[in-house]
> 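Provided herewith is a single structure, encoded as structure tokens, for subsequent inquiry.
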Amino acid sequence: MKIPELFKPYIEGKYGQLLADICHALVVIGEANGAERMVPITSAHTSTIIYYSAKETGLEFLDEVAASGVRFKVPTSVDPISIDIQNYCEIGIPEEYAAAQMRSVKSFAKMGGLGNYTCTPWTAGNVPHKGDHIAWVDTSALIYANSVLGARSNRNVDPTAVAAAITGYVPEYGLHLEENRKADCLINVEASLESLADYAMLGTFAAKKFPEKNIAFIGLENKLITDDIYHHIGPAMSTWGNIALYHVIGHTPEAETLYNVWDNLGIEINFSDKDLETLHDEFSPKVKGKQFVVFGCPHCTLSEIESIAKLLEDKKIKQGNMLWVMTNSNTLELAKRNGYYDVITKSGSKVLADMCWVLSQKTDEIFLTYDSIVTDSTKGALLSRSVGKPTYVKDKAACIADILE
Ligand code: F3S
């Protein structure tokens with residue numbers, strides 16, 4: 001593989017052995033996948049600073065990279081962390097845990113990272129364009145960038161995403177190449193989809209049927225497909241399967257028409273009302289006992305927060321239950337300005353920023369004191385199963401109606 005001149009100082013050790021090693025890994029991965037060259041990127045998104053998953057080794061990794069004096073070459077955002085920076089005390093996160101998390105936040109900032117701590121970085125300043133090569137890690141963000149923004153990224157892991165962010169290059173293979181971005185499977189959506197939970201079911205259905213493929217959805221051409229809808233389809237697909245790219249015919253940027261992304265060579269199936277009903281039955285049997293309702297996997301948008309505020313206006317959460325709304329700090333500020341924050345918190349619920357509710361030691365502990373976890377995200381439900389409590393998926397209105405006084 002041809003190595004760009006600007007990449008060579010990094011791999012030759014000018015900025016220390018650790019950076020040379022992760023840059024070398026980027027080259028090895030590229031060569032193993034048949035890349036012929038490296039291409040410049042315009043954006044990066046990592047998850048390297050989450051204390052819950054990175055632990056001490058992660059802190060040391062980032063400290064050492066930051067200490068070498070390098071800075072990110074492109075706008076670089078990062079996934080949610082394990083604490084709400086402003087309000088960690090309010091949910092009982094110990095000082096020591098918060099201090100450990102803040103150590104990696106500082107290293108990330110030292111390299112010029114965008115301090116928005118979110119899995120929806122396009123709502124907080126990191127917005128690549130159609131056709132841009134980027135290096136994003138695989139959470140809800142990667143599938144959105146590929147599918148909804150039309151940018152191009154493979155499923156990166158943290159160290160190589162950091163290497164790409166610092167050097168500004170990735171090897172060109174996989175989803176960076178036009179020929180690999182066509183759909184392998186076509187799903188004809190016959191079901192009437194109403195709530196965001198319905199769209200999460202559609203994504204889950206696609207992932208269960210075709211866990212490793214590029215998918216195209218047809219049948220939604222006359223629907224209004226909002227950003228909130230994309231936030232519920234994509235994460236379901238990337239978590240219940242390993243899908244990194246989908247197209248919605250007539251909506252997403254590479255799929256103006258079916259023929260842009262479909263060669264009539266793959267498998268075609270339908271998604272019917274019956275399929276939707278079966279999935280809802282699987283995810284939401286009758287919920288009993290004390291419920292922990294949580295929205296924001298991925299982080300809630302302002303319009304989702306507005307809809308939650310409308311459902312909670314002048315209402316109170318029944319004692320023994322809880323509701324958390326997770327978002328990023330930019331959206332939280334807007335929710336405060338628009339009055340949604342006050343409405344939600346007056347009901348006894350919390351609105352938290354910066355953190356991932358499935359990647360915090362404290363949330364695990366809190367969840368254990370309830371009988372079930374209830375959400376409108378099939379991704380959130382799958383990941384929070386590790387806590388060992390039953391998890392259910394319903395649309396926001398049904399989740400909230402169940403826990404009101
Ligand atoms: Fe975001 Fe955490 Fe869910 S990173 S997508 S809130 S698992």
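Indexing begins at 1, ligand by ligand and atom by atom, following the structure's order. Because only heavy atoms are used, hydrogens play no part in the values below, and waters and symmetry mates are left out as well, while side chains stay in.
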> For the atom pair OG (S153) and NE2 (H176), what is the distance rounded to the nearest 0.5 Å?
5.0 Å
> Evaluate K316 against E405 for salt bridge (charged side-chain N to carboxylate O under 4.0 Å, His left out), listing each step before the verdict.
CA-CA 6 Å; K316 286 267 179 224; E405 274 181 353; over 6 Å; no
> Where's the contact between L359 and ligand 1, heavy-atom distance under 4.0 Å: side chain, backbone, both or neither?
neither
> Under a 4.0 angstrom heavy-atom cut-off, which atoms of ligand 1 come close to L383?
7 (S)
> Can you tell me if an N/O/S atom from C119 lies under 2.8 Å from atom 1 (Fe) of ligand 1?
yes
> Please write down residue, atom name and distance for the protein heavy atom closest to atom 5 (S) of ligand 1.
S140 OG, 3.0 Å
> Pick, from G296, G380, C300, the option with the minimum heavy-atom distance to atom 6 (S) of ligand 1.
G296
> Identify whether the distance between the nearest side-chain nitrogen and carboxylate oxygen of D132 and R152 falls below 4.0 Å.
no
> For Y246 and F217, take the angle between the two ring planes, folded into 0 to 90°, and tell me which bin it lands in: parallel under 30, tilted 30 to 60, perpendicular over 60.
perpendicular
> Quick check on contacts: which atoms of ligand 1 are under 4.0 angstrom from a heavy atom of V358?
7 (S)
> Do the numbers put K290 on top of the ring of Y370, so that NZ or CZ is under 6.0 Å from the six-membered ring centre and no more than 45° off the axis?
yes
> Could you pull out the closest heavy-atom pair between K389 and D371, with the gap in Å?
CD-O, 3.9 Å
> Among the heavy atoms of P235, does any lie under 4.0 Å from an atom of ligand 1?
no
> Is there a side chain to side chain donor-acceptor pair (under 3.5 Å) between Q101 and Y52 once you walk through the steps?
CA-CA 8 Å; Q101 177 60 85; Y52 180 82; over 6 Å; no
> Measure K379 to ligand 1 on non-hydrogen atoms and call it side chain, backbone, both or neither using the 4.0 Å cut-off.
side chain
> Under the salt bridge (charged side-chain N to carboxylate O under 4.0 Å, His left out) rule, what do E313 and K346 come out as? Steps first, then yes or no, please.
CA-CA 9 Å; E313 188 127 38; K346 268 185 198 149; over 6 Å; no
> Please list the nearest protein heavy atom to atom 3 (Fe) of ligand 1 with its residue and the distance rounded to 0.1 Å.
C297 SG, 2.3 Å
> Closer than 4.0 Å to some heavy atom of P298 - which atoms of ligand 1 meet that?
5 (S)
> Which ligand 1 atoms, with their elements, are less than 4.0 angstrom from a heavy-atom of P80?
4 (S)
> At less than 2.8 Å, would any N/O/S atom of C356, backbone or side chain, sit next to atom 2 (Fe) of ligand 1?
yes
